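Take a look at the structure set out below.
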Amino acid sequence: MIQFNKWLLIASLFLLVACDQKNHTADDGTAIFSADSFKEHVSVLASDSFMGRKPFTAGETITINYLEQQLKSAGLEPGNGTSYFQEVPMVNIQATAAPTMQVNTPKGNFSLKGYDDYAIWTDKVDAHISLDKTEVVFAGYGVVAPEYNWNDYAGLDVKGKVVLVMVNDPGFWAGDTTLFKGKEMTYYGRWTYKFEEAARQGAKGCLIIHNTAAASYPFKVQQAGHNSSRLQLDNRGKDMKNCDVIGWIPEPIANKLFAAAGFDSTLLVKANKPGFKAVPLNIGLSTTMDVKTTYDKSHNVIAKITGSKHPDEVIIYSAHWDHFGIGRPDAKGDSIYNGAYDNASGTAGLLEIARAFKAIKPERTVMILLVTSEEQGLLGSKYYAENPLYPVDKTVANINIDELNRFTKTKDMVIVGEGQSELEDYLKEEVEKTGGYISPNPHPEAGHYYRSDHFNFAKAGIPALYINPGIDVVGKGKEYGKQQEDDYTKNNYHQPSDEYDAKTWTVEGAMNDMKILFRVGKRLAFSETWPKWKQGSEFKAIREGKK
Ligand SMILES: [Zn+2]
């Protein structure tokens with residue numbers, strides 16, 4: 001009996017070991033991902049006590065301390081010497097605009113109401129800003145694009161004037177695939193570009209005509225920026241070009257201005273034609289703004305797992321931790337912009353990815369970079385890209401997460417700005433291994449490739465990958481998924497209602513997508529290859545040192 005028992009014991013031990021080995025090889029490092037832990041992070045980050053995670057506020061302090069503590073307890077090393085933080089010097093610009101704007105026209109004068117009829121702000125730090133019967137010029141798209149043979153400012157002097165321009169680019173509006181990139185928005189279509197170009201041209205002001213389809217979100221998103229404070233990188237001592245007044249007016253108000261100037265809305269259509277000439281409207285705008293500035297430092301949170309074989313080669317996972325803080329109350333009286341989906345979800349995702357990489361001991365260094373002030377114009381990632389803590393030419397790739405699918409798993413995943421780099425091929429293979437597929441971007445006109453932090457890494461030449469959740473919801477299909485997405489854009493995007501809801505957040509989608517993004521990074525972390533930009537990418541020449 002004793003003999004027998006001994007044999008049984010040995011046999012069962014052997015079986016146990018064999019089973020354990022089998023489980024071990026079946027796990028590619030993703031078994032550590034936990035829906036409960038992900039949900040816990042989101043619920044904490046998006047709770048009212050985090051006050052909407054606005055940089056410079058108590059909401060920043062509580063957020064970055066939480067992130068530091070989580071990364072530390074996951075066993076990650078500090079990413080900036082002995083610190084988990086990179087200081088980002090910034091300025092808070094609080095502009096208070098006069099309640100109205102006077103419009104002087106040859107046919108008589110009238111006034112427009114701030115917030116209702118226009119939303120304005122400034123990137124200038126002067127204490128007092130004013131328009132005084134400042135002349136208005138309609139400058140079409142406000143685009144100078146030599147590669148598309150397009151120049152809305154040709155032969156035009158807008159110094160000291162206000163330019164009125166259209167959002168998006170001619171390819172979108174004309175529905176012509178030969179103009180620009182057709183429906184796919186180019187950087188020339190982004191509002192940030194419009195303001196930058198107007199400033200380069202010496203304009204005193206730039207107002208963008210809002211149209212929901214072309215902007216891809218409603219005017220209320222812009223209204224939220226009126227009379228609110230905004231952040232900029234602290235550029236003291238640098239020669240910066242900024243307009244005094246920048247902002248948006250809704251299309252009906254633009255048409256009112258055109259009518260007062262003796263034009264009608266067909267003027268907008270004329271701007272689609274190559275060779276369009278800007279039109280002085282012969283009207284003047286007057287208003288004032290008082291500006292208060294505060295200089296302070298915000299923080300990127302940075303942690304790493306040093307590579308065992310190539311410690312100097314770095315893979316950067318990024319996500320922005322910030323959102324809008326406490327602002328204008330919505331119809332329900334809620335004034336806390338919790339930003340659960342945008343981007344507590346991506347931040348929580350990186351905390352999961354951090355734990356997973358720690359466990360598999362990567363050969364290259366994996367960096368977790370949680371950046372500040374994305375919502376204020378991608379400022380934290382811009383600061384990192386301009387002041388990198390690890391050499392850019394030793395930075396293998398960037399994988400950015402901004403919003404992880406909080407609901408049911410989807411069969412598809414969307415690559416934003418498809419055709420940019422070889423990272424997309426890695427992603428495609430990993431998605432296909434799970435039985436899924438890559439679907440085309442349903443909103444190419446929205447210019448998403450220029451709307452999150454990976455764009456700053458791309459501009460520095462680092463191959464960057466950014467995905468959007470898919471819409472082909474398992475068991476429910478594409479129509480359902482699209483409806484869900486449109487509903488979010490219409491009702492919750494950048495609104496206090498972007499909240500965590502334990503009942504509806506099933507997070508299977510997030511779990512699936514973050515595992516795939518982990519596998520893409522894992523391939524890089526155990527490889528010696530360097531992913532490249534593809535032919536035709538505007539960032540290829542930068543990586544190759546030719547730009
Ligand atoms: Zn975001």
Side-chain angles (χ1 to χ4, degrees), residues 38 41-42 45-46 50-55 59-60 63-64 67 88 185 190-192 215-218 220-222 224-225 228 230-231 298 300-301 316-325 327 336-351 353 368-385 398-407 413-417 441 443 446-458 464-469 484-485 488-500 505 507 509-510 513-514 517:
F38 174 75
H41 291 313
V42 175
L45 290 163
F50 275 57
M51 295 166 274
R53 304 188 305 278
K54 187 167 182 181
E60 159 157 2
T63 303
I64 64 171
L67 296 174
V88 182
M185 189 197 266
R190 280 291 286 160
W191 57 270
T192 46
S216 82
Y217 40 72
K220 68 176 175 186
V221 170
Q222 305 305 344
S228 70
R230 305 176 80 83
L231 299 175
S298 186
N300 290 332
V301 182
I316 301 179
Y317 276 90
S318 59
H320 71 90
W321 59 255
D322 68 300
H323 201 57
F324 289 102
I336 301 177
Y337 289 67
N338 305 80
Y341 183 45
D342 184 11
N343 184 29
S345 65
T347 305
L350 281 206
L351 294 177
I353 285 174
I368 301 293
L369 180 60
L370 295 156
V371 293
T372 180
S373 302
E374 188 268 357
E375 304 288 14
Q376 311 282 336
L378 319 181
L379 301 179
S381 55
K382 185 174 182 207
Y383 186 80
Y384 181 89
N398 166 242
I399 299 173
N400 183 57
I401 306 184
D402 194 349
E403 300 174 354
L404 276 170
N405 176 9
R406 58 216 189 279
F407 302 134
M413 213 181 219
V414 174
I415 294 172
V416 179
N441 188 351
H443 293 292
H448 281 121
Y449 200 73
Y450 316 108
R451 283 173 60 176
S452 192
D453 296 301
H454 60 286
F455 181 47
N456 283 318
F457 296 106
L465 180 69
Y466 174 44
I467 61 122
N468 272 176
Q484 249 182 356
E485 193 184 280
Y488 168 77
T489 308
K490 192 164 161 248
N491 300 313
N492 308 117
Y493 173 65
H494 290 183
Q495 303 296 322
S497 56
D498 178 3
E499 288 178 329
Y500 173 68
W505 283 58
V507 314
D513 293 357
M514 77 175 102
L517 293 174

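Please read all numbers here as calculations on a predicted model, not as lab measurements. In each ligand, atom 1 is the first atom listed, and ligand 1 is the first ligand listed.
Using modelled atom types and a 3.5 Å distance limit, the side chains of N492 and S497 yield a donor-acceptor pair.
Judged by distance alone, the side chain of N300 and the main-chain N or O of G380 form a donor-acceptor pair under 3.5 Å.
The six-membered or imidazole ring of F324 lies near that of H494, with a centre-to-centre distance under 6.0 Å.
Of all N, O or S atoms in H320, the one lying closest to the Zn ion (ligand 1) is NE2.
Using a 30° and 60° split on the angle between ring planes, Y493 and Y488 fall in the perpendicular class, above 60°.
For a distance bound of 2.8 Å, the N, O or S atoms of D402 include one lying that close to the Zn ion (ligand 1). The Zn ion (ligand 1) lies under 2.8 Å from an N, O or S atom belonging to D342. Among the atoms of H323, none of the N, O or S atoms falls under 2.8 Å from the Zn ion (ligand 1).
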